[in-house]
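Below, chains carry the letters A, B, ... as their sequence lines are ordered, and counting in each starts from 1.
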2 protein chains.
Amino acid sequence: MSPFEDLISPSVGFGKEIAALAAARDASANRAKVSTKDRIAQATELLFLQRGYEGTSLRAITTEANVNLAAVNYHYGSKEELFTKLLTERLDPLNDERAARLDSLKAKGFDREHRVEQIIATLFLPALSLARDPAQGGPDFLRFIGRAYADPSDFVRKLLAERYAATNLKFKQAFGEALPGLAEHDLAMRLNFILDAVSSTLASEDVRRVLGGLQSERADDDLNLLAYLAPFLGAALRAAVRSPSQIAALQNL
Amino acid sequence: MSPFEDLISPSVGFGKEIAALAAARDASANRAKVSTKDRIAQATELLFLQRGYEGTSLRAITTEANVNLAAVNYHYGSKEELFTKLLTERLDPLNDERAARLDSLKAKGFDREHRVEQIIATLFLPALSLARDPAQGGPDFLRFIGRAYADPSDFVRKLLAERYAATNLKFKQAFGEALPGLAEHDLAMRLNFILDAVSSTLASEDVRRVLGGLQSERADDDLNLLAYLAPFLGAALRAAVRSPSQIAALQNL
DNA sequence: GGCAAAATCAAACAACTGTTTGAATCGTGC
DNA sequence: GCACGATTCAAACAGTTGTTTGATTTTGCC
């Protein structure tokens, strides 16, 4: 039995707000009228994917949404509050699920041999299963969170760092325990390394070709992508576990 | 003998403009007066490292440089021309050296077993040896090019893509030949993957701790970092060489 | 139907951006 | 010492940004 088997579990349900949003979006597909507030949200998501936080002006949003400029401040308060709402709406469930799965994995005990791969799986399998949930925004979900983690603006970076500091620390510690002998700053560097890589990969268009049909309901696809990426990332992390003397010995590899 | 030995070669010399700039910078270390034009360049580099292209306003530059606002347009023409000058001044030599080393490597013939690692070495060993050259800007050189390749602005991205398209294509083809059986879009994805990762790593502060003393003249340090990174990146690239059927077989790895 | 609350609107706000102007200053060769 | 080109300067330009205002329209309830 694969050590990842347990990780492929049905996702828990999430707030009614998101369901309401999705319902409103479906209604738009059928008829015509979407509320001003929701049209702003949709236009913002679209433009954020294309241009990021700083590159997306309120006027671009209101033009795309066919809405008066003042509507954003009326419905959301400010640009930062608008983006905070959109970002946390997707990232809160993601990080909750990540933390929950890591806890249950810890409780059950890690696999001896594939500990790193198990943690990697816990880190981004939730993103894959949430991406499959139409109530979470569908196939653009992955691109959205990839963009979010790659966004260079102070505002987004601070939001992610502060709001999810606890979860991030949990995973850092888990990797640290799975990779003893790796200096702390080395671990931090390697984690940034693979996180950046995963973010930009998720944000790209190509990942969907790898995923194939995201519409599929079968969790086997998760295993496919996991089998595709986990050895890749695992090898990267493990390769860092080398003392300076070992590095010297590698000179004529 | 290591297949990388040949790659550690003395860097060729570069234009007198850069030498003049470096001379001016040295003069500043001795006495006090640096020309307005050079103070603008220094302030721009500093702020670009901190905030990127879009995040760096001309007023921030002129304030940091203790210079009148109009001086930028007077000496450089425009903000884009200023950044183009600074970027190409460092990236032109880097890409020229990369292309030259790849050509000579091709002429000599690749090592059978470590072909991927050889190309990886060719891709970023020039950056390391140029970083050691004080005429190229010293230890900040790596952070600078890392920042450049990670910058999200249309202007910088287009500049890098267009100006160095030929070199980029050369390396893509070299990797493609070294990794037969890897579909083109997979190769592109993997290359973006490791390029993003390397860029953000170079741009970070931590890389200097790994590098230890950049002031050292000994090329052995290059080999150290190469031995540190090449297996890491090589493993990542090789892990992608898997057919869909092989992926399926990996489900219970 | 009327009326109060909610929503939309055009317009302006102050702060910022890169760029240009024209006068004042500087430095150098005569 | 003077004149002329190079440089610096304060000021203003036209454009953008996020936000606010006050009037107008729409909506839902009695």
Side-chain angles (χ1 to χ4, degrees), chain A residues 20-21 24 27-28 31-48 50-87 151-159, chain B residues 20-21 24 27-28 31-48 50-87 151-159:
Chain A
L21 270 179
S28 90
R31 201 64 61 84
K33 264 297 157 47
V34 187
S35 75
T36 297
K37 193 172 179 179
D38 287 348
R39 259 182 300 148
I40 291 173
Q42 290 174 233
T44 303
E45 178 176 337
L46 177 71
L47 291 172
F48 175 71
Q50 293 173 356
R51 312 188 209 275
Y53 175 77
E54 304 235 82
T56 301
S57 71
L58 292 188
R59 280 168 181 81
I61 292 172
T62 55
T63 300
E64 170 73 27
N66 260 305
V67 150
N68 185 275
L69 172 61
V72 172
N73 296 279
Y74 177 78
H75 286 286
Y76 290 94
S78 68
K79 183 184 180 185
E80 293 202 349
E81 289 175 89
L82 166 64
F83 276 83
T84 299
K85 179 120 191 282
L86 255 62
L87 287 167
D151 197 278
S153 75
D154 284 350
F155 165 69
V156 175
R157 297 184 77 84
K158 184 179 286 186
L159 177 70
Chain B
L21 270 179
S28 90
R31 200 65 60 86
K33 266 297 157 50
V34 187
S35 75
T36 298
K37 194 172 179 178
D38 287 347
R39 259 181 299 148
I40 292 173
Q42 290 174 233
T44 303
E45 178 176 336
L46 178 70
L47 291 171
F48 176 72
Q50 293 173 357
R51 311 187 210 276
Y53 175 77
E54 304 234 84
T56 301
S57 71
L58 291 188
R59 280 168 181 82
I61 292 172
T62 54
T63 299
E64 170 73 28
N66 260 306
V67 151
N68 187 274
L69 173 62
V72 172
N73 296 280
Y74 176 79
H75 285 286
Y76 289 94
S78 68
K79 182 185 179 183
E80 293 202 350
E81 289 175 88
L82 165 64
F83 276 83
T84 298
K85 180 120 191 283
L86 256 61
L87 286 166
D151 196 278
S153 76
D154 284 351
F155 165 70
V156 175
R157 298 185 75 85
K158 184 178 286 184
L159 176 71

Query raised in the report: Between A:Thr36 and C:dA7, is there a side-chain N or O to OP1/OP2 distance below 4.0 Å?
Result: no
**Report entry** D:dG18 OP1/OP2 closer than 4.0 Å to side-chain N/O of A:Asn73
**Finding:** no
Query - Side-chain N,O (A:His75) to OP1/OP2 (C:dT8) below 4.0 Å - result: yes
Report task. Take the C1' atoms of the five end pairs on each side of the helix from C:dG18-D:dC13 to C:dC30-D:dG1, get both axes, and report the angle to 10 degrees. Result -> 20°
Report task. Would you mind reporting whether B:Asn68 and B:Tyr74 have side-chain heavy atoms less than 4.5 Å apart? Result -> no
Query raised in the report: How long is the line joining CG of B:Asn66 and C1' of D:dT8, in whole Å?
Result: 13 Å
**Report entry** Shortest non-hydrogen separation from B:Val67 to B:Arg39 and the atoms involved
**Finding:** CG2-NH1, 3.9 Å
Report task. Between A:Ala60 and A:Gly77, just flag the one whose closest nucleotide in DNA chain D comes earlier from the 5' side. Result -> A:Ala60
Requested in this report: Round to a whole Å and report the spacing from CG of B:Leu58 to C1' of C:dA15.
Outcome: 16 Å
Query raised in the report: If only side-chain N and O atoms of A:Ser78 are considered, is one of them under 4.0 Å from the OP1 or OP2 phosphate oxygen of D:dG18?
Result: no
Query raised in the report: Please give, in whole Å, the distance from C:dA7 C1' to A:Tyr76 OH?
Result: 14 Å
Query raised in the report: Tell me, do B:Val72 and B:Thr44 make a side-chain contact under 4.5 Å, heavy atoms counted?
Result: no
Query - Separation of C:dT8 C1' from A:Lys37 NZ (nearest whole Å) - result: 16 Å
Report task. Check every atom of D:dG18, D:dC9, C:dC9 against the side chain of A:Lys79 and return the nucleotide holding the closest atom. Result -> D:dG18
Query raised in the report: Of the candidate nucleotides D:dA12, C:dT17, C:dA12, which contains the atom at the shortest distance from the side chain of B:Leu69?
Result: D:dA12
Report summary line: Picking from C:dC9, D:dT8, C:dT19, the nucleotide nearest the side-chain atoms of B:Asn68 would be D:dT8
Query raised in the report: Say you draw a straight line from CG of A:Leu82 to NZ of A:Lys37; how long is it, rounded to the nearest 0.5 Å?
Result: 10.0 Å
Query raised in the report: Between D:dT19 atom C1' and A:Glu81 atom CD, what is the distance in whole Å?
Result: 12 Å
Query raised in the report: Taking atom C1' of D:dT17 as reference, at what distance in whole Å does atom CZ of A:Phe155 sit?
Result: 16 Å
Report task. Using a 4.0 Å heavy-atom cut-off across all strands, classify A:Ala71 as base, sugar-phosphate, or nothing. Result -> nothing
Requested in this report: Would you indicate which nucleotide in C:dT17, D:dT8, D:dT17 comes nearest to any side-chain atom of B:Tyr74?
Outcome: D:dT8
Query - Plane angle bin for A:Phe155 and A:Tyr53 - parallel if under 30°, tilted between 30 and 60°, otherwise perpendicular - result: tilted
Report task. May I ask you to say what A:Thr62 touches in the nucleic acid, namely base, sugar-phosphate or nothing, with a heavy-atom cut-off under 4.0 Å? Result -> nothing
Query raised in the report: Tell me, do B:Glu64 and B:Ile61 make a side-chain contact under 4.5 Å, heavy atoms counted?
Result: no
Query - Approximate separation, where rounding is to 0.5 Å, of B:Ser153 OG and A:Glu54 CD - result: 11.5 Å
Query raised in the report: When the distance from CZ of A:Arg59 to P of C:dC16 is rounded to whole Å, what number comes out?
Result: 16 Å
**Report entry** Atom-to-atom span, CD of A:Glu80 to P of D:dT17 - whole angstrom
**Finding:** 17 Å
Query raised in the report: Do B:Leu87 and B:Phe48 have side-chain heavy atoms sitting under 4.5 Å apart?
Result: yes
